[in-house]
Amino acid sequence: MQNDSQSFKDGFLWGGACAANQCEGAWNEGGKGISTADLVPYRPEKVSANIADMDVSYEEALRYMDPSFAGNFPKRRGNDFYHRYKEDIALMAEMGFKVFRMSIAWSRIFPTGYENEPNEAGLAFYDRVFDELQLHHIEPLVTLSHYEMPAAIAFKNNGWESRGTIELFLRFAKTVFLRYRDRVRWWIPFNEINMVRTSVYVGGGCFRSRSTMPLESLQYQITHHQLLASAQCVKLARRFMPEAHVGCMIARLETYPMTCSPNDVLRAQQENQMNFFYTDVALRGCYPGFARRYFRDRQIEFAVEPQDEKILAQGVADFAGFSYYMSYLASCKEGKEKNAGNLVASEVNPYLAVSAWKWPIDPVGLRITLNRMWDRYRMPLFVLENGLGAFDRPDVDGRVHDPYRIDYLRRHIAEMRNAIGDGVDVLGYTMWGPIDLVSQGTCQMSKRYGFVYVDADDEGHGSYKRLRKDSFYWYQKVIETNGKELE
Ligand code: BGP
């Protein structure tokens with residue numbers, strides 16, 4: 001028996017996570033093509049009504065493709081990581097990061113997605129980023145697809161609705177595997193692969209109006225193609241980088257029954273199952289029975305080819321990654337009051353406080369989720385995202401006091417430690433958005449997650465100067481003590 005089961009193992013991967021489209025900026029520099037994320041405008045009227053609507057229609061996208069269209073597109077600016085990566089990586093190193101989760105923008109490497117040869121300037125940019133990380137002994141963990149793709153693929157293929165997109169994606173994957181195989185050991189093909197249930201545009205580069213399929217069938221068609229692409233990525237990675245770890249990732253929607261009525265319990269179980277559907281396929285290599293039933297009951301039909309079963313079975317991932325922000329409630333009765341949330345909104349849980357964006361805060365839910373996933377897969381788990389979006393304001397001395405963020409993270413890390421004490425194997429923790437970045441759901445810069453404040457507003461005004469918040473020093477201590485010191 002181990003003496004100290006309630007502690008993080010040596011080499012635990014502490015760090016932070018971001019996505020190219022939310023931090024890089026430089027949307028039209030270095031030969032980059034226009035991506036689907038570059039076409040998402042800031043819509044303040046939706047933000048004030050607390051509607052996180054990320055969809056862009058075909059007609060809107062066509063208009064936004066015109067370079068002379070004047071609009072506010074925050075994901076084109078990000079937090080300017082493209083020009084400031086050295087400073088940002090130095091800040092992460094100062095906190096003691098062991099790992100930095102980032103994504104590669106597909107449209108930097110293949111501007112339209114259809115080129116035969118990659119864009120060397122794009123590849124060289126990530127060379128520089130990986131060099132810098134290496135200099136500071138920080139491991140990169142790379143997501144290949146984090147809510148963006150070359151816009152041309154959205155227009156020509158309707159994104160992931162088309163099976164042809166798999167081949168384009170694999171060309172991109174192979175290119176970056178071969179280029180970076182000596183420096184990147186951790187890979188994730190898709191961020192939150194279940195996003196497509198919320199937005200076919202963000203999750204699948206797909207315009208709803210351009211498809212003739214009923215919505216749910218379309219969503220699972222996209223998913224099927226992405227699962228095939230993931231499995232083939234695993235296979236490719238094993239061929240070129242036998243030492244690499246290739247995981248899968250969902251936004252974990254830990255769902256509790258609203259009451260102890262067996263029907264509510266069953267509903268919660270079904271919702272949890274359909275949330276695990278993606279990781280079940282990626283980690284077990286086949287479609288689970290409950291999903292087949294779900295498709296049957298709801299007349300969900302999508303194209304599957306005879307070789308697909310084999311493809312899925314041959315590309316089983318080797319760790320289970322997930323984001324965790326909150327828990328959800330399931331009930332057979334439609335409730336009146338809903339909170340907002342990551343990907344989906346849920347009925348109000350009276351036991352939980354909420355953030356300024358009405359996202360419930362449930363640290364114990366992280367322990368529950370870690371246990372549930374460990375029980376299900378017996379595979380190493382990676383907490384790839386967790387964090388609190390909040391309004392931060394520097395004081396007169398230019399300091400940012402963010403006790404609420406420290407409190408949120410402390411309580412979640414403590415519950416992760418509890419889960420480790422329960423016997424769960426956790427590889428690492430990459431807190432979301434260590435340097436303030438543009439919000440995925442609302443496009444706000446003012447929805448801040450970071451340990452480092454970025455002087456920029458929702459319109460892109462500001463110096464983009466970086467300021468260490470109080471939480472910066474707190475996280476530094478957490479890492480230094482390998483999670484022993486959380487106060
Ligand atoms: C996750 C996404 C991230 C991220 C985070 C916070 O679902 O993977 O890209 O942004 O949520 O969400 P938001 O930025 O909407 O607050």
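Numbering of ligands and ligand atoms starts at 1, following listing order. Numbers here simply count residues along the sequence, with the first being 1. In what follows, every heavy atom counts, from backbone to side chain, and hydrogens, waters and symmetry copies are set aside.
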Which of the atoms of ligand 1 are close to Tyr449, meaning less than 4.0 Å from one of its heavy atoms? 6 (C), 12 (O), 13 (P), 16 (O)
Is the NZ or CZ atom of Arg108 both under 6.0 Å from the centre of the six-membered ring of Phe125 and within 45° of that ring's axis? yes
Measure Trp357 to ligand 1 on non-hydrogen atoms and call it side chain, backbone, both or neither using the 4.0 Å cut-off. neither
Does Arg43 come within less than 4.0 Å of Glu60, counting only side-chain N to carboxylate O? yes
Is the shortest N/O to N/O distance between Gly441 and ligand 1 below 3.5 Å? yes
If you measure from atom 1 (C) of ligand 1 to every heavy atom of Glu385, Met249, Met195, which option wins on shortest distance? Glu385
Strictly below 4.0 Å, N to O, side chains only: are Arg183 and Asp127 in salt-bridge contact? yes
Glu192, portion touching ligand 1 at heavy-atom distance under 4.0 Å: side chain
Check for me whether Arg468 meets the cation-pi criterion with Tyr473, that is, NZ or CZ under 6.0 Å from the six-membered ring centre and within 45 degrees of the ring axis. no
Salt bridge check: are Arg448 and Asp402 linked by an N-O gap of less than 4.0 Å? no
Taking non-hydrogen atoms only, is Ala19 closer than 4.0 angstrom to ligand 1 via side chain, backbone, both or neither? neither
Can a cation-pi geometry be assigned to Arg210 and Phe207, taking NZ or CZ under 6.0 Å from the six-membered ring centre and within 45° of the ring axis? no
Numbered atoms and elements of ligand 1 in range of Ser439, under 4.0 angstrom, heavy atoms: 13 (P), 14 (O), 15 (O), 16 (O)
Decide whether an N or O pair under 3.5 Å exists between Thr442 and ligand 1. no
Arg252 to Tyr328, cation-pi by 6.0 Å centre distance and 45° axis angle: no
Heavy-atom distances under 4.0 Å decide this one: backbone, side chain, both or neither, for His146 against ligand 1? side chain
Should you measure from each heavy atom of Asn191, which atoms of ligand 1 turn up under 4.0 Å away? 8 (O)
Look at Asp55 together with Arg208 and state whether they make a salt bridge at an N to O cut-off of under 4.0 Å. no
Ligand 1 N/O within reach of Gln440 N/O, cut-off under 3.5 Å: yes
